[in-house]
Each structure stands twice: as C-alpha cells, then as structure tokens.
Amino acid sequence: VDTLLRNRRPNIITIILEGMSSALIGELGGKSNITPNFDNIIKEGVIFSNCHANSYRTDRGIISSLSGYASFPKTSVMKSPVKSRNLPSLASSLGKAGYHNTFLYGGDINFTNMKSYLYSTGYNKLIADKDFTLQQQETHLWGVTDHITFDSLYTIVQNSAESPWHITYLTLSSHQPWTVPYNRIPDDAIANSFAYTDSCIGNFIGRLKKSDVWDNTLVIFIADHTLARYPERREGDDAMRNKIPFLLTGGAIREARDIPIL
C-alpha cells in the first residue's frame with residue numbers, strides 16, 4: 001500500500017492560511033521572494049501542486065477544507081446551524097479514532113457562526129481572541145496578529161500530553177488592511193503581509209523540528225481561498241485564479257513528493 005506517512009496515527013496540526021494564493025509562492029509558479037520559508041518547506045514535504053480553492057471567503061473555505069463540502073456563490077453554509085452541524089468533518093472522524101481536537105484562531109470565533117460549526121463537528125476546545133490579553137487583541141484590526149498566535153500554537157503543541165491530538169489553526173494577518181509588524185517588502189503592503197506570515201511559518205517549523213514532538217507529527221498547510229485580484233486581476237478561466245497551496249510536512253512524512261492532482 002502506498003502511504004505518505006511513517007506511521008498510521010501521528011499527531012496532526014492543520015494550518016489554514018488566510019488568503020494564501022499560489023500566485024504568492026515561487027515554488028508553485030507565483031511571484032518569487034515573498035514566501036522563501038514556505039518554498040523551502042515545499043521541497044521537504046508532500047505538495048499537491050495543482051490544488052484549487054472552493055470559494056473566495058473564509059467561512060466557505062473552512063467548510064470545504066474541514067468538511068469536504070462544496071461552497072456556494074451567495075450562501076454561507078456555516079451560517080446555517082441546521083445544515084452545518086450535520087456535516088461530516090475532519091475533527092469528527094479523528095475524534096472517533098481517539099484524537100482530541102483543538103481549534104485556534106486569533107479573531108472572533110463567533111464570526112459567521114464559526115463557533116457553533118466547530119463545536120458541533122467535533123472540536124473539544126476552542127481558543128480565540130478573548131483568550132489573549134487586551135493588548136494582544138489590538139495587534140491587528142481583526143484580532144491577534146500571527147506571530148503571537150503561532151507562539152500560542154507552539155505552546156499548545158508542547159503541552160499536549162495526551163496523544164493522539166489534532167490542532168487546527170487559522171491564521172489572520174494576511175488580510176486587509178495589511179498592517180503587520182514587519183517591513184521586508186516596504187513598497188508592497190499586500191506582499192509584505194504575506195511575507196510576514198511566511199516568516200512566522202518559518203520560525204514555527206524551525207522550532208518544531210528541534211522539539212521532541214516533530215518525529216511523530218504531521219503538519220498540514222492549506223489555504224482557505226486566494227486573492228483573485230493580486231498580484232494582477234485574474235479572470236474566471238485563469239488556472240491560477242483559485243490555485244492554493246496544499247502541503248504535508250512534519251517528521252511523520254515518509255519522503256518528499258509532488259502529487260499533481262487534477
């Protein structure tokens with residue numbers, strides 16, 4: 001049997017990248033030098049190099065990524081508890097297999113009925129903006145900026161004594177108004193915002209590699225949607241318009257591979 005993993009029950013970290021389009025990632029055919037850390041991680045992991053987002057908004061993208069459910073142009077399934085609470089989900093399936101599920105987000109967990117959806121589809125614990133200090137909650141217009149929540153993610157991982165566990169983390173900073181505590185690309189606020197998140201990713205993975213949990217951990221990166229108008233406007237028939245990264249990494253990965261799903 002062809003398997004991508006060294007063992008069948010690794011601990012799992014699912015990182016949903018806010019708005020991260022392949023057009024921003026050099027290794028996936030996008031602009032170079034925006035995400036150098038992610039580019040290097042791609043070379044070490046399993047990359048599904050032809051993956052496309054199912055929507056253009058976070059609430060739709062999360063439903064697609066975590067529940068495998070199609071999104072709709074004018075309807076948010078997440079906002080309908082009658083429907084969303086009955087969806088299958090990654091957390092539900094992992095929970096039945098003995099995993100403890102945690103969700104981390106630096107913003108308002110009640111936004112678009114997210115809290116109800118997460119609890120009803122299998123998450124045991126939710127950590128959001130109100131679990132941080134007031135000062136931390138004001139580091140971005142939408143809540144807690146990424147380097148703080150990535151630090152929190154690392155702490156949660158290190159304190160997760162009961163295996164197996166699954167942690168889902170939704171980033172926040174790569175979103176309008178693009179204000180981040182970082183200035184590597186000063187002439188392009190959007191690119192600089194994603195470069196900031198990339199620096200947080202590089203720091204987090206570097207720390208995780210040095211820890212005892214690395215060898216038995218699978219890290220999944222996937223974007224919720226793209227920026228269809230950046231770096232230039234892309235029409236509906238442009239293959240890059242909705243192309244997103246979908247990457248598996250971590251010590252639990254058997255070997256680096258490129259899987260060009262169609």
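Heads up: numbering here begins at 1 and tracks the sequence. Because the structure is predicted, anything quoted here is derived from the model rather than measured.
- For an aromatic pair to be called close, the ring centres must be under 6.0 Å apart, and F38 with F221 satisfies this.
- The closest side-chain donor-acceptor pair between S173 and T145 falls under 3.5 angstrom.
- A donor-acceptor pair is defined here as one N or O able to donate and one able to accept, closer than 3.5 Å; such a pair exists between the side chain of S64 and the backbone of Y69.
- In this structure, Y169 has its ring center under 6.0 Å from that of F150.
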Just do the salt bridge (Lys or Arg N to Asp or Glu O under 4.0 Å) check on D198 and R184 with the steps written out, would you?
CA-CA 11 Å; D198 177 72; R184 184 167 69 80; 5.1 Å; no

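- A donor-acceptor pair is defined here as one N or O able to donate and one able to accept, closer than 3.5 Å; such a pair exists between the side chain of R254 and the backbone of L5.
- By the neighbour-count criterion of 12 heavy atoms within 6.0 Å, atom CG of N159 is densely surrounded, having more than that number from other residues, nucleotides or ligands.
- Proximity of a side-chain donor or acceptor of R60 to a complementary backbone N or O of S71 within less than 3.5 Å is not detected.
- Within the 3.5 Å criterion, the main-chain N or O of A91 finds no donor-acceptor partner in the side chain of K96.
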Would K209 and E44 count as a salt bridge (Lys or Arg N to Asp or Glu O under 4.0 Å) here? Give the steps.
CA-CA 12 Å; K209 283 183 176 179; E44 302 173 351; 2.8 Å; yes

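- Put simply, the side chain of S84 gets close to the backbone of S80: a donor and an acceptor are under 3.5 Å apart.
- The backbone N or O of P186 lies less than 3.5 Å from no partner atom in the side chain of N192, so there is not a single donor-acceptor pair.
- At distances below 3.5 Å, at least one donor-acceptor pair connects side-chain atoms of S89 with backbone N or O atoms of T121.
- Looking only at distances, no side-chain donor or acceptor of W178 sits under 3.5 Å from a matching main-chain atom of A191.
- With a 4.5 Å cut-off on side-chain heavy atoms, L66 and Y123 count as touching.
- Judged by distance alone, with hydrogens and angles left aside, the side-chain atoms of S152 form no donor-acceptor pair with the main-chain N or O of I148 at under 3.5 Å.
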